[in-house]
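For reference, the structure is listed below as structure tokens.
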Amino acid sequence: MKFRRRNQDVDATDVETEADAVDETSDTDDDAGEAVDPRANGPWDHTEFDVPADEPAFIDLGGLIVRGRVGLDLQIPQDEGTDRLAAVLLVTSDAAVEVRAFAAPRTGGLWDEVRAEIVAEVERLEGQVAEVDGPHGPELQVQVPARTPDGQDAVQPSRIVGVEGPRWFLRGTFMGRAALEPDVDGVLERGFREVVVRRGNDAMPPREPIEVTLPAGAVPAGEQTVVDDSATSAEESDQDPSERDA
């Protein structure tokens, strides 16, 4: 099985959206003068990737489809003060990434707005923030003041990545070791790239969260839900999808 952009079975709306995306990125060139595609290796829109029906590693959460791996726990926290499920946590022993998807305008530009807002909020909290170039384009390295459980002053680091697709925006917040020591080939980075977004065709205002749903086998654990991915074999989980035959 291989990741690929799917050209068939795309309706007229999706074709127009993809054409708009090409126009939007055509003015952004790298040093060689070629257009840069921040989603060349994912994350994917559901029109671009065929999820195998018989592949247990892929977990359908409605608005998001994620790929399970050995050593990677999948948690679905409930948004505070609501019963909404809009985030997915991919967790390892020493790091995590929170993934959230939002509706976005066809014209793009939402990540630019969100980055500016995050910078302003970090500065209000008297933290530190730096914008750097990452695999998906501009990302933020953040450190904000925090308190340890025993009341000591501390610093909470995070790395915030944003990716814009056809009428959606995907935000990844890397925490723990993944915030301090980015690894493009690490299990969390690969997990983020392999996310498939299913926005749907309904009209949605920009920034409205794309909700996720619980799959069969989900087990409540306090305020979050842990998904049982025991069906995923170690051999399948450790192999990169781009290296596998269809």
Which heavy atom of P105 sits nearest a heavy atom of P206, and at what distance?
CD-CB, 3.9 Å
Can you measure from CZ (R199) to CE (M204) and round to the nearest 0.5 angstrom?
5.5 Å
Hey, is CD on E208 packed in by over 12 heavy atoms from elsewhere, all under 6.0 Å?
yes
Quick check for you: to the nearest 0.5 Å, what is the distance between R190 atom CZ and N41 atom CG?
12.0 Å
Suppose the criterion is ring pair (Phe, Tyr, Trp, His ring centres under 6.0 Å): which pairs have a residue in residues 65-97, not counting sequence neighbours?
none
Taking R193 for its side chain and V184 for its backbone only, find out whether a donor-acceptor pair lies under 3.5 Å.
yes
Atom pair CZ (R171) and CH2 (W111), whose distance is rounded to the nearest 0.5 Å:
8.0 Å
So how far is it from I210 CD1 to L170 CG, rounded to the nearest 0.5 Å?
8.5 Å
Check the pair L180, Q143 against side chain to side chain contact (heavy atoms under 4.5 Å, CB included), reporting the backbone distance first and the verdict last.
CA-CA 10 Å; L180 300 172; Q143 295 189 47; 5.6 Å; no
Do you know the tightest heavy-atom contact between A95 and A178?
CB-N, 3.5 Å
If you group Ile, Leu, Val, Met, Phe, Trp and Tyr by side-chain heavy-atom gaps below 4.5 Å, do L214 and L90 land in one group?
yes
Side chains of M175 and V91 in contact at under 4.5 Å (non-hydrogen atoms)
no
Does R159 reach the main-chain N or O of Q141 with its side chain, forming a donor-acceptor pair under 3.5 Å?
no
Just by modelled atom types, is the P138 backbone N or O under 3.5 Å from a matching donor or acceptor in the R115 side chain?
no
For R84, enumerate each residue passing the salt bridge (Lys or Arg N to Asp or Glu O under 4.0 Å) test, keeping only those at least two apart in sequence or located in another chain.
E211
Walk me through it: do L89 and I76 pass the test side chain to side chain contact (heavy atoms under 4.5 Å, CB included)?
CA-CA 6 Å; L89 273 173; I76 306 175; over 6 Å; no
CZ-CG distance between R69 and L188, expressed to the nearest 0.5 angstrom:
10.5 Å
Closest approach of F169 and G162, non-hydrogen atoms and distance?
CE1-CA, 3.6 Å
Any V88 side-chain heavy atom under 4.5 Å of E98 side chain:
no
Report yes or no: do F174 and V114 belong to one cluster of Ile/Leu/Val/Met/Phe/Trp/Tyr joined by side chain heavy-atom distances under 4.5 Å?
no
Evaluation steps, side chain to side chain contact (heavy atoms under 4.5 Å, CB included), between I65 and H46:
CA-CA 9 Å; I65 301 172; H46 80 284; 5.6 Å; no
Rounded to the nearest 0.5 Å, the CH2 atom of W168 sits from the CG atom of L110 at a distance of 12.0 Å
Cluster check V122, L140: I/L/V/M/F/W/Y, side chain < 4.5 angstrom
yes
For residues V161 and V119: do they belong to one hydrophobic cluster (side chain heavy atoms under 4.5 Å, members Ile, Leu, Val, Met, Phe, Trp, Tyr)?
no
Please determine whether side chain to side chain contact (heavy atoms under 4.5 Å, CB included) holds for the pair D45 and V196, giving the CA-CA distance in whole Å, both sets of side-chain angles, and the decisive distance to 0.1 Å.
CA-CA 6 Å; D45 186 75; V196 180; over 6 Å; no
Using every non-hydrogen atom in the two residues, find where V197 and A101 come nearest and quote the distance to one decimal.
CG1-CB, 4.4 Å
Pairwise ring pair (Phe, Tyr, Trp, His ring centres under 6.0 Å) hits with a residue in residues 121-162, at least two apart
H136-F192
Distance-minimising heavy-atom pair for S158 and A179:
CA-CB, 3.6 Å
May I ask you to decide if G186's main-chain N or O and E189's side chain share a donor-acceptor pair within less than 3.5 Å?
no
Between R177 and D183, does the salt bridge (Lys or Arg N to Asp or Glu O under 4.0 Å) criterion hold? Intermediate values first, please.
CA-CA 10 Å; R177 183 178 293 273; D183 181 2; over 6 Å; no
Shared ILVMFWY cluster between I160 and F102, side chains joined below 4.5 angstrom?
yes
Side-chain contact test, heavy atoms from C-beta onward, threshold under 4.5 Å: evaluate it for L72 versus R67 and give yes or no.
no
Report, as yes or no, whether the 6.0 Å neighbourhood of atom CD on E117 holds more than 12 heavy atoms from other residues, nucleotides or ligands.
yes
